[in-house]
Amino acid sequence: MAGLDKVVGSYEEAMAGLEDGMTIIAGGFGLCGIPENLIAQIKKTGVKDLTIVSNNCGVDGFGLGILLEDKQVKKMVSSYVGENKLFEQQLLAGELEVELTPQGTLAEKMRAAGAGIPAFYTATGYGTEIAKGKDTREFNGRPYVLEESIKGDFAIVKAWKADRHGNAIYRLAAQNFNPMAATAGKITVMEVEEIVEPGELPVDQIHTPGIYVDRLIQGTFEKRIEQRTVRPS
Amino acid sequence: MAGLDKVVGSYEEAMAGLEDGMTIIAGGFGLCGIPENLIAQIKKTGVKDLTIVSNNCGVDGFGLGILLEDKQVKKMVSSYVGENKLFEQQLLAGELEVELTPQGTLAEKMRAAGAGIPAFYTATGYGTEIAKGKDTREFNGRPYVLEESIKGDFAIVKAWKADRHGNAIYRLAAQNFNPMAATAGKITVMEVEEIVEPGELPVDQIHTPGIYVDRLIQGTFEKRIEQRTVRPS
Amino acid sequence: MALTREQIAQRVAQEVQDGFYVNLGIGIPTLVSNYIPDGIEVSLQSENGLLGMGRFPTEDEVDADMINAGKQTVTLNKGAAIFSSAESFAMIRGGHVDLTVLGAFEVDQQGDIASYMIPGKLIKGMGGAMDLVAGAENIICTMTHADRHGNSKLLPKCTLPLTGMACIHRIVTDLAYVEIHDGKFVLKERAPGVSVEEIVSKTAGEMVVEGDIPEMKLA
Amino acid sequence: MALTREQIAQRVAQEVQDGFYVNLGIGIPTLVSNYIPDGIEVSLQSENGLLGMGRFPTEDEVDADMINAGKQTVTLNKGAAIFSSAESFAMIRGGHVDLTVLGAFEVDQQGDIASYMIPGKLIKGMGGAMDLVAGAENIICTMTHADRHGNSKLLPKCTLPLTGMACIHRIVTDLAYVEIHDGKFVLKERAPGVSVEEIVSKTAGEMVVEGDIPEMKLA
C-alpha cells in the first residue's frame, strides 16, 4: 500500500485494529451485498462487545448471524432483525440489545455521518416510540423528529468492482446500504469481486469514490439467497 | 405522454405552467451542464419576479444571464455570482436581490428538499454572516447552524442521456448540481442530448431515477466554455 | 360476503392510476400488482433501491444480487433503475411515490396506524414502514376488518405502538372501503353482500354512514 | 527576501504527504500542484465534483463537460472519479479531504479567516470556501503577510466578514510559516533572508517567538 493504492494483502490486514467495544457500520440488505468475508474475519478475531449498525443481522450461520455464535455482539442498530433463532434467544436472555431504527432514517444517519451533518429532521417516527426523548420541531406546520448521525470505528462494505484507489461500482440491488456505510467509518474496509487498475472504470459511473475507502481486498463470495422465489419458465 | 413516458413535444409544453413570482431550481455549475434551452424558453415566456436557485447566474448573454436582460429575476440564491455586468448593474441599482449561500449548503438544501428533510445541521458558516438569525446547536462540543431545505415550483436540469421514463445519466463534470436540482422541483423538467428507449441504459448506472422527472425533452446545445485553459500539445 | 385477500387487492388496484410510482408492502399489498388494469402503466418501487420491479425470475434468471425489499429474488422491467437505500428513502420521504399500499394491525379514526409490533411477541422491527407512512400523501391500508376473535381493527384509538401518526386516510378491509375525515371513519363502499349494520358493528371507532352506501364493483 | 508566489507554493507543497486527497483553492494554492515531490502520489479534489484532477487539456482534449471549480477546462488522471455537488461537499464537510489550501484577505490569532467579501466592493460570494474551512481539519492558508499599503493581514481580530471561525491553524505567507496555538500566532520558520524583527513588525496580532527561528528550506 503506497500512495493512493488501498489494496491490502490479507483479511487479517483488512480488519487490523478492530478492538473490543467498537462500533461497526455494515453494508448489505438481508444477505444481499453483504461483506461476507470481512464478517468472517471479525468472527475469527474474536473481538467482543461490538455495536453493529446494519439494516439486518443475517441468518443463523451466515452473514452477521455468525457473530452471534460466540456472543461477539452487544448491540444491533437495525430496522429489521430476528431472521435467526440465535438472535431471538440472546435477545430474550438479555444478552443482546437492539435499537430499532426506521430503514430510511438508518440509511440517512449513515450518509449524514459521512457528510459532516451531525443531525437532520425527518417526519419518520413522529408520534411513535422511536421519537421518545428526541427533539421535535415544526416546519411549515408539520412536526418532525431530530435524528443524529451514526459513525463507526470501522465500516465494512462489499462492492462488485473497484480500482486500486478504491473507486467502486456496485452490481444491481447489491448496492443498497453499501454506499452510505462506506462513508461512515473512521476506517472503511471494502471487499470486492474484482480489483482493476485505475483508469479501467468509467469516471462518471463510480458509485463510491475512492476517497472514502481506506483498505481494499478481493474475495470470493458465496452470495447466499434468502428467499429464492421463481416462476415457471 | 402516457403512462411512464415523460417526453413532451415542445419547449413551450416543457415549461407550461410557469408563472410570475415562482421559484426555479436550476442545475449546472458556471456554464457547464446548464439547461440552456429551458432557460431560453423561460426568457421567451417573459415571466417576471422569479426567484432562481442556482450555484451561479451565467454570463452576459448566456445561461441564466439572459434572464437579467428583461429583468425577469427578482432574487438569486447562489454561492457565486457577478460574472456578468448586467448582474452587477441590477444589484447595485437595487433591482436584484442576492442571497449568498455556501456551495455545499446550497447543494444539500436542494437534496434535502427532494428527500423530505426540512432542515439539517452543518458547521459551514457558523460564526459568519450566513448564520445570522439561524438556530445553532452543539453536537459533540462543536457548534452547528440549522439550514432549511429549498424547494422549487419548477426544477430545470440538463442530462446527457435519458430513457423515456426519465432515467438519466450525466456526462463527466456536467453532473454537478443537476441530480439534486432534479429532486427539488414540484415540477421537474429535464432536457437531454439524447432520448433512448426504456431498457437501453444500464439499470445500476442511472444517476437520476425517472421518478423525479415530470417532463423530458431532447435539445441541441451550444455548451459554451467559460474559461478555456489549454496546454501545448 | 367478506372479500378474499385477492378481492381486497382487486379493489385496491382500482385506485392505481396511469403513470403512478407505487410501493406495495408485503402480504395483500403485493397481490395488487396482479390486478392493475390493462392500459395502465405503473412502476413498482421497492425500498431496497429498485424502481420498475418485475416478476419473479425463472430458474435461469435467478441472481443473488437481484432481490426486492421482501428479500425475494425478482426481475426488473424495461426502464427500471437501481440506487442506494439513501436514495430510495429520499424518494419515499420526499413524497415522490404516488401510492403506497401496506397492511396494519390497527388503524384509528385519527389516522394513526400500528403495524410493526405486538408487545410480548418478538419485535422484528419496522423496516421501511415508518418512512413509508410518514412520506406518502397517498396511502391505502389493507387489513381484515376484525381479527380472528372478532375484535375490530378500526379503533377509536390504537392500542399497539404506532408506526405513524395521523397518516392514514383510506382503508380497504374485507368488509368495506373506508375513508378517514375529521377524526372519524367514513363508510364509502360495502363488500358485495355485506350489510352496513355488520360493518358498523365490527367497527369499534366512530363510523359515519351518510346516504346510501354502494357495493364495491369487482369486475 | 520575501517569497515569490511560486516559492510560497513550494513551501506549502512540503506539507503534502503520500496518498493525500487535496483541495487547492484558486491563485497561489493552485500552484502547489507544480511542486509536489516525486514519489508522492496525491489526488486533487475539485468542488464541482472531481477527484483525480489532472493537467489542462491540449486543444484536442478540450471538452465543455470537463471543467474544474475555477470553471477552467481540465483533464483527469487515471483513477479519477466524478460525482455530484452534494457528494463533493459531503466529502468536504465530512472531513474526508486530507489537506485544503486556500487564500485569505485576513486571518486572526483565534484562527478566524476572512476571504470572500470586502464591504463596499462587489460581493461575488463565498463559493465553496465556507464549506472548505468548516470541513477540513488540515488547512493551510496562503497570503502575503501584509497588503500593498503595508497593513498586516495577521490580525488580533479579523475586520472583514468571516468565512469561518476558529478553523485556521497554519499559514504560509511570503515572509513566514506561522501556526496558531491557544489564541496566538506562533512563528515557526522565516523566509530566507527575512528577519524575525521584520516578521513581528508586520504582524498586527500577537506573535510568539520562541528560541531560534529557522529559515525555510526551499530546494
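Reminder, nothing fancy here: chain letters follow the sequence lines and each chain counts from 1. None of the values given here were measured: they were computed from a predicted structure.
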Inspect the contact between [Y] and [X] and indicate whether a charged nitrogen and a carboxylate oxygen are less than 4.0 angstrom apart.
X: C/K157; Y: C/D112; answer: yes
X: A/K158; Y: A/E36; answer: no
X: A/K132; Y: A/E129; answer: yes

Find the one option among [options] whose heavy-atom pairs under 4.5 Å with chain A are most numerous.
options: C/Q72, C/E87, C/M117, C/K71; value: C/K71
options: C/A69, C/S88, C/A129; value: C/A69
options: C/S84, C/A90, C/S85; value: C/S85
options: C/E59, C/M66, C/E61; value: C/E59
options: C/K124, C/M130, C/M165; value: C/K124

Using a cut-off of 6.0 Å, state whether more than 12 heavy atoms not belonging to [X] lie near its atom [atom1].
X: A/E138; atom1: CD; value: yes
X: C/D182; atom1: CG; value: no
X: A/L91; atom1: CG; value: yes

Quick one: of [options], who has the most non-hydrogen atom pairs under 4.5 Å with chain C?
options: A/E83, A/R224, A/R171, A/H207; result: A/R171
options: A/L31, A/I225, A/V81; result: A/V81
options: A/S79, A/P232, A/A174; result: A/S79
options: A/G127, A/A107, A/P102; result: A/P102

Any donor and acceptor pair, going by atom type alone, linking the side chain of [X] with main-chain N or O of [Y] inside 3.5 Å?
X: C/D174; Y: C/R5; value: no
X: C/T100; Y: C/I139; value: no
X: A/T229; Y: C/T73; value: yes

Practice item. Please list, in residue-number order, every residue in residues 38-57 of chain C that has a heavy atom less than 4.5 Å from any heavy atom of chain A; write 'none' if there are none. Key: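 The list, in residue order, reads C/E47, C/N48, C/L50, C/R55, C/F56, C/P57.
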Check your understanding: What residues, two or more places apart in sequence or in another chain, satisfy ring-ring contact (aromatic ring centres under 6.0 Å, His included) together with A/Y144?
Key ->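 Residues passing ring-ring contact (aromatic ring centres under 6.0 Å, His included) with A/Y144: A/F139.
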Exercise for review: List in chain and number order the residues that pass ring-ring contact (aromatic ring centres under 6.0 Å, His included) with C/Y116, two or more places apart in sequence or in another chain; answer none if no residue qualifies.
Suggested key: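 Here no residue qualifies.
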Chain C contact via [X] - which portion, at a heavy-atom distance below 4.5 Å:
X: A/S78; value: neither
X: A/Q175; value: side chain
X: A/N178; value: neither
X: A/P179; value: side chain
X: A/L106; value: neither

Point to revise | For A/E95, salt bridge (Lys or Arg N to Asp or Glu O under 4.0 Å) partners two or more places apart | key: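 A/E95 satisfies salt bridge (Lys or Arg N to Asp or Glu O under 4.0 Å) with A/K71 once adjacent residues are dropped.
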Exercise for review: State, with a plain yes or no, whether a side-chain heavy atom of A/K109 is found less than 4.5 Å away from one of A/T101.
Suggested key: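 A side-chain contact exists here, since the closest heavy-atom pair is under 4.5 Å.
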Point to revise | Side-chain touch A/T136/A/P143, heavy atoms, less than 4.5 angstrom | key: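 No; the side chains remain at least 4.5 Å from each other.
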Exercise for review: Under 4.5 Å heavy-atom distance to chain A, tell me which part of C/N68 shows up: side chain, backbone, both or neither.
Suggested key: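 For C/N68, the backbone is the part near chain A, not the side chain.
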Check your understanding: Which answer fits C/L132, side chain, backbone, both or neither, if we ask what part of it has an atom under 4.5 Å from a heavy atom of chain A?
Key ->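 Neither; nothing under 4.5 Å.
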